[in-house]
Amino acid sequence: MDNIKIIDLKKDESFIAQYVDLRNRYIELLLTNTVTVTETKEWLTNKDVEVRCVIEDNVLIGAVILYLKRKGEIAIFVKDQKRGIGTELLKVIEKVAKEKNLNSIWAWALKDNFIAQRVFEKNGFVKEGADEREYKEIIKHGIKYKKNLD
């Protein structure tokens, strides 16, 4: 992964439009709604959220969100799979979580999102069990993963 850098989206707003575009492509996996650049700029002022992104040749190719008020929940999404971008983002967000004095981080993956499950398991996350979330009045089945931080 040449020409790669990690940015803190709060400190480098030049990539917010690309972040919004990538994030909005994954609303069905993230179980969320589309957002705008303006909404995202406002959201980034929140002290209870951290966002790190992978930039390659000035293009945002992945992001990870750490929700501090949700006891270390993370959400991750990447442009291209099977390149190690997810693994890199998980390493970065673990460091951020430790700096924020969290003892663990956790994630939720849809039951049929085998790619996300593999990334979490490959990076030391342990299945905590089946879990359900409601999205657009439909119950979605998933798996909760947790990783204790040293």
Side-chain angles (χ1 to χ4, degrees), residues 1 4-56 59-97 100 102 104-147 149:
M1 294 198 309
I4 297 279
K5 67 178 180 177
I6 305 293
I7 64 152
D8 178 340
L9 197 59
K10 288 181 173 185
K11 295 178 181 174
D12 190 344
E13 292 189 352
S14 64
F15 289 97
I16 289 179
Q18 289 185 51
Y19 167 85
V20 168
D21 180 57
L22 183 60
R23 183 202 170 279
N24 285 343
R25 290 186 208 173
Y26 288 96
I27 60 171
E28 295 294 323
L29 289 176
L30 297 169
L31 304 183
T32 188
N33 298 311
T34 59
V35 295
T36 66
V37 168
T38 303
E39 290 169 331
T40 301
K41 284 181 180 180
E42 177 65 28
W43 174 71
L44 287 170
T45 65
N46 184 340
K47 290 181 174 138
D48 296 318
V49 66
E50 294 291 333
V51 183
R52 300 298 184 271
C53 303
V54 174
I55 309 299
E56 180 179 45
V59 176
L60 190 146
I61 59 171
V64 62
I65 305 165
L66 171 64
Y67 299 96
L68 298 169
K69 273 199 170 175
R70 295 184 196 170
K71 299 179 183 175
E73 180 179 8
I74 61 169
I76 188 170
F77 45 99
V78 300
K79 193 172 194 175
D80 301 314
Q81 299 166 349
K82 298 184 181 178
R83 291 188 56 208
I85 299 164
T87 294
E88 186 64 31
L89 286 166
L90 289 174
K91 289 177 187 173
V92 168
I93 211 63
E94 284 180 32
K95 288 180 186 176
V96 174
K100 300 291 182 179
L102 294 177
S104 63
I105 54 177
W106 67 277
W108 189 90
L110 282 166
K111 184 178 174 185
D112 58 354
N113 188 347
F114 301 113
I115 293 171
Q117 292 172 35
R118 189 176 74 238
V119 169
F120 291 129
E121 290 171 12
K122 182 176 107 178
N123 286 283
F125 283 74
V126 177
K127 285 184 184 179
E128 291 243 299
D131 194 22
E132 296 177 342
R133 290 187 174 182
E134 186 175 329
Y135 176 65
K136 296 185 177 180
E137 300 179 8
I138 298 171
I139 298 298
K140 297 286 188 171
H141 299 277
I143 301 168
K144 185 175 178 182
Y145 285 89
K146 183 177 180 182
K147 183 171 185 178
L149 304 174

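What you see is a predicted model; the values in this text were computed from it and never measured.
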Subject >> Steps toward side-chain contact (heavy atoms from CB on, under 4.5 Å) verdict (Glu88, Ile6) >> reply: CA-CA 9 Å; Glu88 186 64 31; Ile6 305 293; 4.1 Å; yes
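- Panel note: side chain Gln18, backbone Phe15; no donor-acceptor pair is recorded below 3.5 Å.
- No donor-acceptor contact under 3.5 angstrom links the side chains of Asn24 and Thr34, judged on distance only.
- The two residues Ile105 and Ala97 have their closest heavy-atom pair at CG2-CB, 3.6 Å.
- The shortest heavy-atom contact between Glu39 and Thr36 is OE1-N, 2.8 Å.
- Side chain of Lys147 to main chain of Asn123: a donor-acceptor pair is present (N/O by atom type, distance under 3.5 Å, no hydrogens or angles).
- Taking a 6.0 Å sphere around CD of Glu42, one finds it holds 12 or fewer heavy atoms contributed by other residues, nucleotides or ligands.
- Under the 4.0 Å criterion applied to side-chain N and carboxylate O atoms, Lys69 and Asp48 are assigned as salt-bridge partners.
- For the ring-ring contact (aromatic ring centres under 6.0 Å, His included) condition, the pairs that include at least one residue of residues 115-139, sequence neighbours left out, are Phe120-Phe125, Phe120-Tyr145.
- Side chain of Gln117 to main chain of Leu110: a donor-acceptor pair is present (N/O by atom type, distance under 3.5 Å, no hydrogens or angles).
- In this structure, Asp112 and His141 have side chains that are not in contact, with every pair of non-hydrogen atoms separated by 4.5 Å or more.
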Original post:
Are Ile16 and Leu44 close enough, and set up right, to give a side-chain contact (heavy atoms from CB on, under 4.5 Å), and what steps lead you there?
Top reply: CA-CA 10 Å; Ile16 289 179; Leu44 287 170; 3.7 Å; yes
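- Distance check: Thr87 OG1 to Lys122 NZ gives 3.5 Å after rounding to the nearest 0.5 Å.
- A cation-pi contact, defined as under 6.0 Å to the ring centre and within 45° of the axis, is absent between Lys71 and Trp106.
- Checking Arg23 against Thr32 by side-chain atom types alone, a donor-acceptor pair falls below 3.5 Å.
- Counting non-hydrogen atoms of neighbouring residues, nucleotides and ligands closer than 6.0 angstrom, the NZ atom of Lys10 exceeds 12 such neighbours.
- Closest of all the heavy-atom pairs between Leu89 and Gly62 is CD1-C, 3.7 Å.
- Residue Ile143 holds its CD1 atom at 10.0 Å from CG of Asp131, rounded to the nearest 0.5 Å.
- Classified by interplanar angle (parallel below 30°, tilted 30° to 60°, perpendicular above 60°), the ring pair Trp43/Tyr67 is tilted.
- Rounded to the nearest 0.5 Å, atoms CH2 (Trp108) and CD (Glu128) are 14.5 Å apart.
- Note that OG of Ser14 and CD1 of Ile7 are 6.0 Å apart. Values are rounded to the nearest 0.5 Å.
- Interatomic distance, CZ of Phe77 versus CD1 of Ile61, reported as 13.0 Å (0.5 Å rounding).
- A heavy-atom distance below 4.5 Å is found between the side chains of Lys136 and Glu28.
- Glu56 pairs in a salt bridge (Lys or Arg N to Asp or Glu O under 4.0 Å) with only one of the listed residues (Lys5, Lys79, Arg83), which is Arg83.
- A distance of 13.0 Å separates CD1 in Ile74 from NZ in Lys146, rounded to the nearest 0.5 Å.
- Residue Val64 is tested with Ile93, Val78, Ile85 for a side-chain contact (heavy atoms from CB on, under 4.5 Å); the sole match is Ile93.
- Scanning all heavy atoms of the two residues, the minimum distance from Leu102 to Gly72 falls at CD1-CA, 3.8 Å.
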**OP:** Please step through side-chain contact (heavy atoms from CB on, under 4.5 Å) for the pair Asp8 and Glu50, ending with a clear verdict.
**Re:** CA-CA 8 Å; Asp8 178 340; Glu50 294 291 333; 4.2 Å; yes
